[in-house]
Amino acid sequence: SSSNANSSVATQSESGGSPKSEYDSIICGGGPAGLLSAIMLARTFGKEHKIALCERRADIPLSPTDETAWNDFARFYLLGIGFRGQNALKEFAIFDDFEQVSVAVNGRRDWQPGKTKIEDGNITPANKDVVSRILPRDKLVGVLHHHLVKNYADYNIDLLYGYEVDPTSFENDDDDVKVIISPCGSSDAPSIQSKTAFLLGADGSARTIANSMEEADANRMASINPLLRPFAPKPFKVTRYNDDNPRIFKSVPITVPKDWPCDLNYSARSTGSRITLEALPSTDKGDYCALLLMKPEDELAEENCDPKKLRAFFDEEFPQFGALIDDNVMQQVATKPSSALPAFRYVGPRLNMGRRTVLLGDAAHTVKPYFGLGANSAMEDVQMLGAALKESASASNEDVVPSAVELFSKRRSGDASALVMMSRNMDRPGKLFFVTFLIPIILDGIFHKIAPKIFGPSNFGMFKRQDINFKQIQRKKRLDRVMQLAIIGSALTAFGMGLNQAVSLIARRLGKSRPVVGVGMAAVAFLASKLQKLVKSKRQEEATA
């Protein structure tokens, strides 16, 4: 239990004191990656290992099994946990707790633009070895927090909610990391100078540790003789992309009819791709949380927009869902402010600073949540760091942290950049969308069907594979693209040569010049195309008559 000051696992309000001046490990961030890291470190190092987890938000995570805490289905952002996240939860014996409060999704039902009848929705079963399970992000945090408190009560762990971490020194004579642990908000509690042998940055897009690492390495580079800088190790850097395809969202609670499956992801797009609706199950009883994904300048994205306009939009574009939303809910959705999606970012060329600081999760690689890779890759990071610590320990290293940090960074840094770059290429606007997303998917579909042993499936298919990491996927798709373009180029060259010979042959037979024959063939091809369209149109008219 963590209900008294003598318990080793205690929140700061329960432990009755200040943060300590020294810890074996300090974790910055109390989200899924941070809490899972605390569990991983406790299992790896044992009861005597002193751990501090610092989270800026002061609120203690809610109990995942208290149904009254989760009945506002539109309040909480939902996550889809696939094989990456599930494997990590199984590794640290948390999966049963997670499974109890999550909902399986066994496929999709999609409505294309302009298709608004219920029967127009096409169901696609999930073709996955591991079925994704859905739960609110905050409920996942609750699962991890309460699992930690319940199962590691006799471990030396301080859960410091309402505190932030600021590194002051990554390298010093004592070979440790020095930080300041400070209360957030209006608390009168003092700031504490602390040191640790292992600092884990898992604070998501806040990137407190990552930004400090970037600043420290920039200062290091500035201190080097300009003539020697080209020979120095590349500086640590946070690559921040400007979001050229921004989307914001409003959440909508929906209860689907009893004759609708309760284990599907429902999706619909409006005409002109103005707004996309994505709905995931909050419970297995038909309660859904739908997101309306919109451009920031859309009038329906504004706070206190006109509920009548929102209702009119649903009636025209999503009547199959509008019928499930009463006027009170429509009013609440119209008046609420929109929420923003994160921008793409990653760190590199390494995930560590020195021997004792490492980054995990969104702090190392931030993606938009379209493809279910954010939380999953974050928990996979923790699993891989745990494996690196075990490998270092098996190599009889007395101090396992430095070698594990180096090993983890070497294995995972390439994945961080590859994940973000591939995800960003699938979210580009305008013409870039066709170049970086649509055309590659079409090519992958064609070539994989023709030669599946040579060409891989699209990125969506590759992401489902458990035997390949993000960097390997990126390399494979680049190789596929080179071979596809080479084949297409060769085919076009052969076609051009054949066409040139045909024009020459016809010109000799008719006694005409090659330009005249070429123009004539082009005209015939144009007329044939027009005739084909006319015949097709006629047949469609006859079919509808």
Side-chain angles (χ1 to χ4, degrees), residues 73-80 105 108-116 121-122 124 132 134 136-137 205 241-254 256 264-282 288-307 309-322 324-325 329-330 332-344 362 366-375 420 423-430 432-434 436-438 441 459-460:
F73 304 117
R75 177 185 171 191
F76 301 103
Y77 189 87
L78 298 180
L79 298 176
V105 169
R108 296 176 57 87
R109 189 175 192 180
D110 295 278
W111 283 265
Q112 297 300 318
K115 301 292 185 179
T116 59
N122 294 319
T124 305
S132 293
I134 309 300
R137 178 194 179 277
S205 56
Y241 290 108
N242 291 325
D243 193 352
D244 54 10
N245 192 26
R247 289 292 185 275
I248 58 179
F249 67 89
K250 289 187 176 184
S251 56
V252 187
I254 292 176
V256 300
L264 296 179
N265 172 189
Y266 291 102
S267 176
R269 288 182 292 131
S270 67
T271 53
S273 299
R274 177 186 173 187
I275 294 178
T276 299
L277 183 147
E278 292 285 346
L280 289 170
S282 298
Y288 272 69
C289 176
L291 298 186
L292 295 178
L293 294 163
M294 303 169 278
K295 295 180 180 179
E297 62 272 16
D298 196 299
E299 64 175 341
L300 297 181
E302 297 175 358
E303 185 176 2
N304 295 316
C305 73
D306 187 347
K309 290 184 178 180
L310 184 60
R311 170 64 74 184
F313 172 82
F314 266 91
D315 289 344
E316 181 177 354
E317 297 288 351
F318 303 143
Q320 67 274 43
F321 294 103
L324 309 178
I325 306 171
V329 172
M330 196 69 75
Q332 294 170 6
V333 174
T335 56
K336 71 167 62 175
S338 297
S339 301
L341 296 174
F344 293 105
D362 282 357
T366 306
V367 296
K368 293 183 181 180
Y370 297 152
F371 314 114
L373 297 174
V420 174
S423 298
R424 182 171 180 258
N425 283 340
M426 297 163 73
D427 184 53
R428 302 309 298 276
L432 287 174
F433 170 80
F434 293 93
T436 64
F437 180 68
L438 189 58
I441 277 189
N459 280 346
F460 293 114

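Here, residue 1 is the first one in the sequence, and each next residue gets the next number. In this text the structure is predicted, and so the values were computed from the model without any measurement.
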Any residue meeting salt bridge (charged side-chain N to carboxylate O under 4.0 Å, His left out) with Lys295, in chain and number order, not counting sequence neighbours: none
Whether Lys250 side chain and Ala334 backbone form a donor-acceptor pair below 3.5 Å: yes
Any residue meeting side chain to side chain donor-acceptor pair (under 3.5 Å) with Arg428, in chain and number order, not counting sequence neighbours: Asp244
Atom CG of Asn242 with >12 non-hydrogen neighbours under 6.0 angstrom: no
Pro369 and Tyr77, any side-chain heavy atoms less than 4.5 Å apart: yes
Ring pair (Phe, Tyr, Trp, His ring centres under 6.0 Å) partner of Phe321, chosen from Trp111, Phe313, Phe314: Trp111
For the student: nearest non-hydrogen atoms of Ala340 and Phe249, plus distance: O-CE2, 4.0 Å
Nearest non-hydrogen partners of Phe76 and Cys289, listed with the distance: O-SG, 4.0 Å
Separation between CG of Leu280 and CG of Leu264, rounded to the nearest 0.5 Å: 10.5 Å
Sub-4.5 Å side-chain heavy-atom contact between Glu299 and Cys305: no
Worked check of side chain to side chain contact (heavy atoms under 4.5 Å, CB included) between Leu341 and Leu293: CA-CA 10 Å; Leu341 296 174; Leu293 294 163; 4.1 Å; yes
Shortest non-hydrogen contact from Thr366 toward Ala343: CG2-O, 3.4 Å
Side-chain donor or acceptor of Lys336 paired with backbone N/O of Ser251 under 3.5 Å: yes
Side-chain heavy atoms of Phe344 within contact of Val367, under 4.5 Å: yes
Under 3.5 Å donor-acceptor, Ser338 side chain and Ala301 backbone: yes
Phe371 CZ to Ser423 OG distance, which is reported to the nearest 0.5 Å: 6.0 Å
Main-chain N/O of Thr271 paired to Glu317 side chain as donor or acceptor, under 3.5 Å: yes
Worked verdict on Phe437 versus Asn459 for side chain to side chain contact (heavy atoms under 4.5 Å, CB included): CA-CA 9 Å; Phe437 180 68; Asn459 280 346; over 6 Å; no
Gap between atom NZ of Lys115 and atom CG of Asp110 - 0.5 Å precision: 13.5 Å
Glu278 vs Tyr370 side-chain heavy atoms within contact, under 4.5 Å: no
Contact check, side chains of Leu300 and Arg274, non-hydrogen atoms, under 4.5 Å: yes
Rounded distance (nearest 0.5 Å) linking atom CG of Leu277 with atom CD of Gln320: 8.0 Å
Heavy-atom pair of closest approach, residues Asn265 and Ala279: ND2-O, 3.0 Å
Exam field: side chain Arg311 to backbone Gly322, donor-acceptor pair closer than 3.5 Å: yes
Closest approach of Arg269 to Ser273 (non-hydrogen atoms, all atoms of both residues): NH1-OG, 4.2 Å
Main-chain N/O of Thr436 paired with Asn425 side-chain donor or acceptor, under 3.5 Å: no
Check: Ile325 and Ile254 side chains under 4.5 Å, non-hydrogen atoms: yes
By side chain to side chain donor-acceptor pair (under 3.5 Å) - contacts of Arg109 (at least two apart): none
Atom pair CG/CD1 of Asp298 and Ile248 - distance to nearest 0.5 Å: 8.0 Å
Nearest atoms (heavy-atom pairs only) where Leu79 meets Ala375: CD1-CB, 3.9 Å
Check: Lys368 side chain, Arg424 main-chain N or O, donor-acceptor pair, under 3.5 Å: no
Reported CD-to-CE distance for the pair Glu302 and Met294, which is rounded to 0.5 angstrom: 10.0 Å
Heavy-atom donor-acceptor pair, Ser270 side chain to Ile275 backbone, under 3.5 Å: yes
Leu324 vs Tyr288, side chain to side chain contact (heavy atoms under 4.5 Å, CB included): CA-CA, chis, key distance, verdict: CA-CA 11 Å; Leu324 309 178; Tyr288 272 69; over 6 Å; no
